Amino acid sequence: MDFVLPHLFFLLILLPIFSIAQSNGNVTVGKSLTADDNSTSWLSPSGNFAMGFRQLDQKDLFLLSIWFAKIPDKTVVWYPRLDNPVPRGSKVVLTADNGLVLTGPQGDELWRSITIIGTVAYGVMSNTGNFVLQDSNFNNLWETFKYPSDTLLPSQTVERFGVFYSRKSETNFSKGRFLLRLRDDGDLVLNTINLPTDNPNDPYYKSGTTATAGDSGTSSPGKQLVFNNSGYIYVLRENNQTFPLTKVTLESTADFYFRATLNFDGVFTQYSHPKSSNANGSWTALWSIPNNICLASLVSTAGSGTCGYNSVCTIRSDSRPKCTCPKGFSLLDPNDEYGSCKPEFIQDCDEDEIRQQRKDLYSFEELINTDWPMADYAFLTPYAEDQCKQSCMEDCMCAVAIFRGASCWKKKLPLSNGRVDSRLNGGKAFIKIRNNNFIPHPDPRMGSPKAQVEKKNRNNLILMWSVLLGGSVFVNMILIVAICLGIFFIYHKKLKRPMSNVNSMETNMRCFTYQELAEATDGFKEELGRGAFGVVYKGAIEMGSSVPVAVKKLHSSFQDFEREFKTEVKVIGQTHHKNLVRLLGFCDEGLQRLLVYEFLSNGTLASFLFGDLKPSWKQRIILLLGLREDSCTYMMSAAPRLFIVI
Ligand SMILES: *[C@@H]1O[C@H](CO)[C@@H](O)[C@H](O)[C@H]1NC(C)=O
Ligand SMILES: *[C@@H]1O[C@H](CO)[C@@H](O)[C@H](O)[C@H]1NC(C)=O
Ligand SMILES: *[C@@H]1O[C@H](CO)[C@@H](O)[C@H](O)[C@H]1NC(C)=O
Ligand SMILES: *[C@@H]1O[C@H](CO)[C@@H](O)[C@H](O)[C@H]1NC(C)=O
Ligand SMILES: *[C@@H]1O[C@H](CO)[C@@H](O)[C@H](O)[C@H]1NC(C)=O
Ligand SMILES: *[C@@H]1O[C@H](CO)[C@@H](O)[C@H](O)[C@H]1NC(C)=O
């Protein structure tokens, strides 16, 4: 017993001292906090607010911040605007000359409170949630209330030119896309910005507190955004009149916490939370501006709107937006549901041209009361719904057709400001979606029917197109030549492997007479197809046994015909590939020029590539390289650009 008592006694005198040191909110120069698992914080006297490092979901990252210390989720109310959270071992020190200085584990400076005139005597974590740096004469040199992050607290004000940003997402504290500011004309506005610059798009909310002449005489411009001590928020005008934002009657600040936050989705909301620790409180939204951010009346010409590009905004009952990708589109960043949507298919004018029947290629997804008010490139009126759809279907530029009343708008990608709007009275949006991304195996050697075109391959394709379309003709030529050379060298050996029954045909191309070919095709009787260069007929020739052939009879009306023909014979004659149709011979007699190919019963390349059942890019590679399916995988990651060759 006698050794316990002194310890107890020691504890009893220590505890009160300890709690006093914790609760007067006074932080002396030289004090510091370190970001680690046992990180302490600086508490306000009431214990309601704390400043310190918060551990983020990624356990080794920390955020210097101020939070509600008595609320279980420790809601963050302030943080310095850094590009990234800080790593474990980072440190914040209160210095006399520079105020708060945040350094990384290696001592590199990451942030400091704005340079101040005067010498800091101490810092105070006050009961209002404001962290203040004062000199020895109690003058405020710097305070967090003057540099809001995304949240305002009672007793905080925002002056003219004052600005604050949303965060990127609920858990990512980087600068977001939305901005709230009291403009110099007195208007309180919300707008999106063009990251990484601050350049604002047109506002999606305006308080209208400018010096304009209205119905009730001249109004006085706003000079301050005030969150008063009772929790009411208003714009204070120069004539001391107020423009209230809080229009509801509030409970007492003795029983409730209040805050107002520019949420990461662009909605500015005032919240309350019961203080009583035995109440199972949560933050309750009291009001929000704008009321419906999806329909925010002023739509900017630049920027994606509330949601990302190609996305559709619907408003939820709590006035917060929900963003959805339309059918045929998916999230660009799967972790950012408020971000842009990318089409899961490619609309390509060249390809559309090959397919005469575009109706087979695309179909429409119909959405009611949905619109993307921008991105029109054609406005057809008066026009019927069927005409509208057909016009979009036949137009390879058209991504979406909007039909309302007797009017038709054609839109291109990317779509912006997408929203559901019941005021459209059943107006329709027709989204043009490519029909199928499915293909059964065209060749039994390729194993079981592979279903969907793999996402990765599509990405590679998109990348490839952008590389090719973005580059100059010269760059593209070099690229293609390089690819062809690469393939030639890599597969040169492989292709030299012994061929079966066609080995002899491969090595010596035969020169036919016109008469021979006329007989072989039974007088050019059975036509297989027509191309820009000639007509293809079916036939059979004797080469040991009777071999079925396709005879291409070239039009003679070309300029450069001679050279064209020789080139084709030379190039194709020298190309040997398991999956490429072989040139068996030719005929060059006066004006008659014919090419004799091995006959393939599977139809034309075009119908294979652009038909309903498109081969996946993986299958194309397999075909291209003459590989077996299992040996193909490494090629996918190694050389996505190979896709261009087919
Ligand atoms: C904070 O501490 C300094 C120095 O110890 C002292 O002068 C000042 O009065 C204290 N301020 C508060 C608010 O307690
Ligand atoms: C944190 O506290 C635990 C136990 O209280 C201790 O084992 C650990 O060493 C501390 N870590 C640091 C970085 O101080
Ligand atoms: C937060 O978002 C930014 C911008 O999108 C990104 O660069 C950063 O990596 C994100 N940070 C975390 C911790 O996820
Ligand atoms: C805060 O503003 C409201 C509404 O304008 C007003 O009724 C209330 O008296 C104000 N409270 C304080 C402490 O100024
Ligand atoms: C507005 O109120 C402030 C402080 O209450 C006062 O100093 C100022 O003269 C008032 N201005 C007008 C135009 O009434
Ligand atoms: C708080 O919530 C828990 C579980 O959600 C419940 O068991 C408890 O009774 C609640 N307490 C109060 C005071 O509402």
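The model shown is predicted, which means the values in this text are computed figures rather than measured ones. Every number for a ligand or one of its atoms is a count from 1 in the order of the listing.
- For Tyr234 and Phe243, the ring centers sit 6.0 Å or farther from each other.
- Here the protein heavy atom with the shortest distance to atom 12 (C) of ligand 5 is Asn240 ND2, 3.4 Å.
- Less than 4.0 angstrom separates some heavy atom of Ser174 from each of these atoms of ligand 3: 1 (C), 2 (O), 3 (C).
- Note that Arg419 lies outside the cation-pi zone of Trp372, set by a 6.0 Å cut-off to the ring centre and a 45° limit from the axis.
- Polar contact with ligand 3: present for Asn172 (N/O pair, distance under 3.5 Å).
- The protein reaches atom 2 (O) of ligand 5 closely, with a heavy atom under 4.0 angstrom from it.
- In this structure, atom 6 (C) of ligand 4 lies nearest to the protein heavy atom Asn228 ND2, 4.1 Å.
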Applying side chain to side chain contact (heavy atoms under 4.5 Å, CB included), run through Asn240 and Lys223 and close with a yes or a no.
CA-CA 9 Å; Asn240 284 349; Lys223 65 172 178 184; 3.5 Å; yes
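- A cation-pi arrangement is absent between Arg167 and Phe264 under the rule of less than 6.0 angstrom and at most 45 degrees off the ring axis.
- For ligand 4, the polar-atom distance check finds an N/O of Ser230 within less than 3.5 Å of one of the ligand's N/O atoms.
- Note: Tyr257 and Trp283 have tilted aromatic rings, judged against thresholds of 30 and 60 degrees for the angle between ring planes.
- Checked by atom type, the side-chain pair Asn191/Tyr205 shows no donor-acceptor distance below 3.5 Å.
- Protein heavy atoms are found less than 4.0 angstrom from atom 14 (O) of ligand 4.
- Among protein heavy atoms, the minimum distance from atom 5 (O) of ligand 3 is reached at Lys168 CE, 3.3 Å.
- Relative orientation of the Tyr204 and Phe178 rings is perpendicular, given thresholds of 30° and 60° on the angle between their planes.
- Taking every non-hydrogen atom of Glu238 and a distance limit under 4.0 Å, the qualifying atoms of ligand 5 come out as 13 (C).
- Annotation: atom 9 (O) of ligand 3 to nearest protein heavy atom, Asn84 OD1, 4.6 Å.
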